[in-house]
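Written out below as structure tokens is the structure these notes cover.
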2 protein chains.
Amino acid sequence: MDAKQGQTEMAGGARRRSEAIREALEDGIITGAISPGAHLDETELAERYGASRTPVREALQQLAAAGLIEIRPRRGAIVPQPDPHAILDMFETMAELEASCARLAARRLTAEDRAAITEAHARCSTADALDPDTYYHRNEDFHLAIYRASHNRFLEEQATALLRRLRPYRRLQLRLPNRIASSLTEHDALKDALLANDAERAATLARDHVQVQGSGFGDFMALLRAAAR
Amino acid sequence: MDAKQGQTEMAGGARRRSEAIREALEDGIITGAISPGAHLDETELAERYGASRTPVREALQQLAAAGLIEIRPRRGAIVPQPDPHAILDMFETMAELEASCARLAARRLTAEDRAAITEAHARCSTADALDPDTYYHRNEDFHLAIYRASHNRFLEEQATALLRRLRPYRRLQLRLPNRIASSLTEHDALKDALLANDAERAATLARDHVQVQGSGFGDFMALLRAAAR
DNA sequence: ATCGGACATCTTGTATACAAGAAAGCGCTT
DNA sequence: AAGCGCTTTCTTGTATACAAGATGTCCGAT
């Protein structure tokens with residue numbers, strides 16, 4: 001990846017350079033284009049994005065504060081390679097946040113929420129089960145619709161941020177055999193509970209849907225190991 | 001507050017200046033020494049902390065990424081004056097996170113957890129009910145013990161971060177008449193549910209304990225209004 | 001008195017230079 | 001060959017200077 005490509009990554013609008021660089025780096029980390037374990041060299045990044053070190057450093061400060069990278073004083077920034085325990089902790093927390101969103105959503109559904117959730121579910125159903133990427137995007141839209149339907153802006157933001165952070169691993173999950181089919185079934189039950197205003201049932205279904213548990217646990221761990229190679 | 005005081009605030013250890021400035025500012029915001037609505041002038045802060053603008057800017061980037069301040073491009077950083085709706089959203093999310101911590105803790109208690117929670121509760125009980133500040137600190141220790149007992153490091157960090165962010169408002173709550181007494185009663189029931197490994201009951205008690213609801217709602221809103229003057 | 005435009009001032013965003021600490025390399029001794 | 005100490009190089013942390021945008025002030029026209 002050369003300097004011109006970096007500058008293309010952050011094209012668009014009269015934004016601060018530091019902000020554009022932060023977004024480009026965040027995307028690279030979340031999509032895996034920047035590998036876990038990678039050292040982020042300020043001078044190299046400055047060249048790549050056609051800027052001085054200053055906005056690069058500011059971008060790195062922001063990423064560190066958001067927990068996406070680690071800055072070791074005087075030794076530079078790295079993209080951490082989370083150990084499987086940390087990933088599981090994050091998934092468990094994601095499950096809890098999704099359960100909270102579902103419980104609140106089930107009690108607060110507006111007509112717009114109902115329509116949005118129903119449509120998002122329908123779009124998941126029509127995605128080709130052999131195409132995990134399309135399913136992945138529509139699956140995410142379904143989840144986002146539930147966060148929004150909680151009508152708690154702060155909770156929505158927290159859940160969305162963690163969803164973004166877990167993207168690489170959530171993509172992995174969809175590669176397991178039959179995972180898309182079972183995901184769809186779970187979505188269906190969850191949609192029904194939401195539309196029926198059954199808060200506790202929605203919370204339980206949402207938590208179980210996201211939680212890495214049972215036979216999926218070993219499969220997921222195996223995928224993590226394979227992805228780390 | 002003059003320049004010498006700023007430098008005293010960040011004394012201690014061979015840390016990066018930007019880190020020390022961030023911590024000092026964060027504390028100022030959380031304790032209310034830096035008022036909501038305040039404009040954070042880089043040049044003034046640099047003078048105050050005896051540094052150049054560069055580490056000040058880096059500290060501000062971190063604070064913005066953590067959601068404690070807002071940076072408006074080319075117009076500077078302010079400490080936002082959250083509207084009451086945003087505060088309530090944060091409290092509701094806090095209640096959900098505390099419910100999650102309590103549920104997981106009730107299922108995972110070690111002997112150390114039991115001792116820590118029991119002791120923290122006992123210390124709350126011996127605090128002078130006429131001294132909200134002492135009670136406030138011990139109350140917080142009780143909550144932190146529960147987060148730790150969840151044995152989910154990520155969830156513990158998220159809950160702790162939000163607890164810190166809500167400190168000004170949680171302090172306000174303890175000034176309501178009889179709030180300390182009712183808080184103690186609720187802690188007692190929560191401790192019992194935890195020690196009895198009753199996950200669902202613990203979750204419900206924890207959520208209700210933190211949630212701003214019922215007759216406490218109007219009282220809390222009145223306190224917010226008074227505090228904004 | 002009010003409004004609009006021009007200019008000055010202030011503050012932020014970024015580039016560049018210098019200082020400081022960490023890591024790597026090299027040579028010598030055991 | 002391994003270990004240690006010294007020197008060099010590299011990278012990060014910070015200070016300073018310059019550029020750019022926002023805000024405030026002043027003056028003239030109506």
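Throughout, a chain's letter reflects where its sequence line sits, starting with A, and its residues are numbered from 1.
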* Asked: Taking CD1 from Ile78(A) and P from dT11(D), how many angstroms apart are they, rounded to a whole number?
  -> 16 Å

* In chain order, what residues pass the salt bridge (Lys or Arg N to Asp or Glu O under 4.0 Å) check against Asp41(B), with sequence neighbours excluded? -> none

* Who pairs with Glu96(A) by salt bridge (Lys or Arg N to Asp or Glu O under 4.0 Å), at least two apart in sequence or on another chain? -> Arg207(A), Arg103(B)

* To do: Scan residues 57-76 of chain B for pairs that pass ring-ring contact (aromatic ring centres under 6.0 Å, His included), counting only residues two or more places apart or in two chains.
  => none

* Could you check which of dA15(D), dT16(C), dG13(C) has an atom nearest any side-chain atom of Ser52(A)? => dT16(C)

* Value in whole Å for how far the P atom of dA22(D) lies from CD1 of Ile71(B) -> 16 Å

* Asked: For Glu44(B) and dC10(C), what is the distance between atoms CD and P respectively, to the nearest whole Å?
  -> 14 Å

* Spacing between Arg74(B) atom CZ and dT23(D) atom P, to the nearest angstrom -> 12 Å

* Contacts to DNA chain D from residues 34-42 of chain A, heavy-atom cutoff under 4.0 Å, which residues? -> His39(A), Leu40(A), Asp41(A), Glu42(A)

* Asked: With sequence neighbours left out, which residue pairs that include part of residues 58-83 of chain A fulfil the ring-ring contact (aromatic ring centres under 6.0 Å, His included) condition?
  -> none

* Structure fact -> Hits for salt bridge (Lys or Arg N to Asp or Glu O under 4.0 Å) against Glu140(B), two or more places apart or cross-chain, chain-then-number order -> Arg167(B)

* Report the residues that fulfil side-chain contact (heavy atoms from CB on, under 4.5 Å) with Thr134(B), sequence neighbours left out, ordered by chain and then residue number. => Ala127(B), Asp131(B), Arg138(B)

All N/O contacts under 3.5 Å from nucleotides 17-19 of chain C to the protein, with atom names and distances to one decimal?
none

* Asked: Under 4.0 Å between a side-chain N or O of Arg72(B) and OP1 or OP2 of dA22(D)?
  -> no

* Write down the distance between CZ (Arg75(A)) and C1' (dA22(C)), rounded to a whole number of angstrom. => 8 Å

* Who passes salt bridge (Lys or Arg N to Asp or Glu O under 4.0 Å) against Asp133(A), sequence neighbours left out? -> Arg171(A)

* Within residues 54-69 of chain A, find the residues that approach DNA chain C with a heavy atom at under 4.0 Å, and present them sorted by residue number. => Thr54(A), Pro55(A), Glu58(A)

* To do: Please answer whether the main-chain N or O of Gly50(A) pairs with a side-chain N or O of Arg17(A) as donor and acceptor at a distance below 3.5 Å.
  => yes

* Which salt bridge (charged side-chain N to carboxylate O under 4.0 Å, His left out) pairs, counting each pair once, include a residue from residues 105-116 of chain A, with sequence neighbours left out? -> Arg108(A)-Glu92(B)

* Plane angle bin for His209(A) and His187(A) - parallel if under 30°, tilted between 30 and 60°, otherwise perpendicular -> perpendicular

* Asked: For Arg17(B) and dA20(C), what is the distance between atoms CZ and C1' respectively, to the nearest whole Å?
  -> 12 Å

* Asked: Does dT14(D) have OP1 or OP2 sitting under 4.0 Å from an N or O in the side chain of Ser18(B)?
  -> yes

* Structure fact -> So ring-ring contact (aromatic ring centres under 6.0 Å, His included) across residues 80-117 of chain B, not counting sequence neighbours, yields Phe91(B)-Phe220(B)

* Is any side-chain N or O of Arg16(A) closer than 4.0 Å to OP1 or OP2 of dT12(C)? -> no

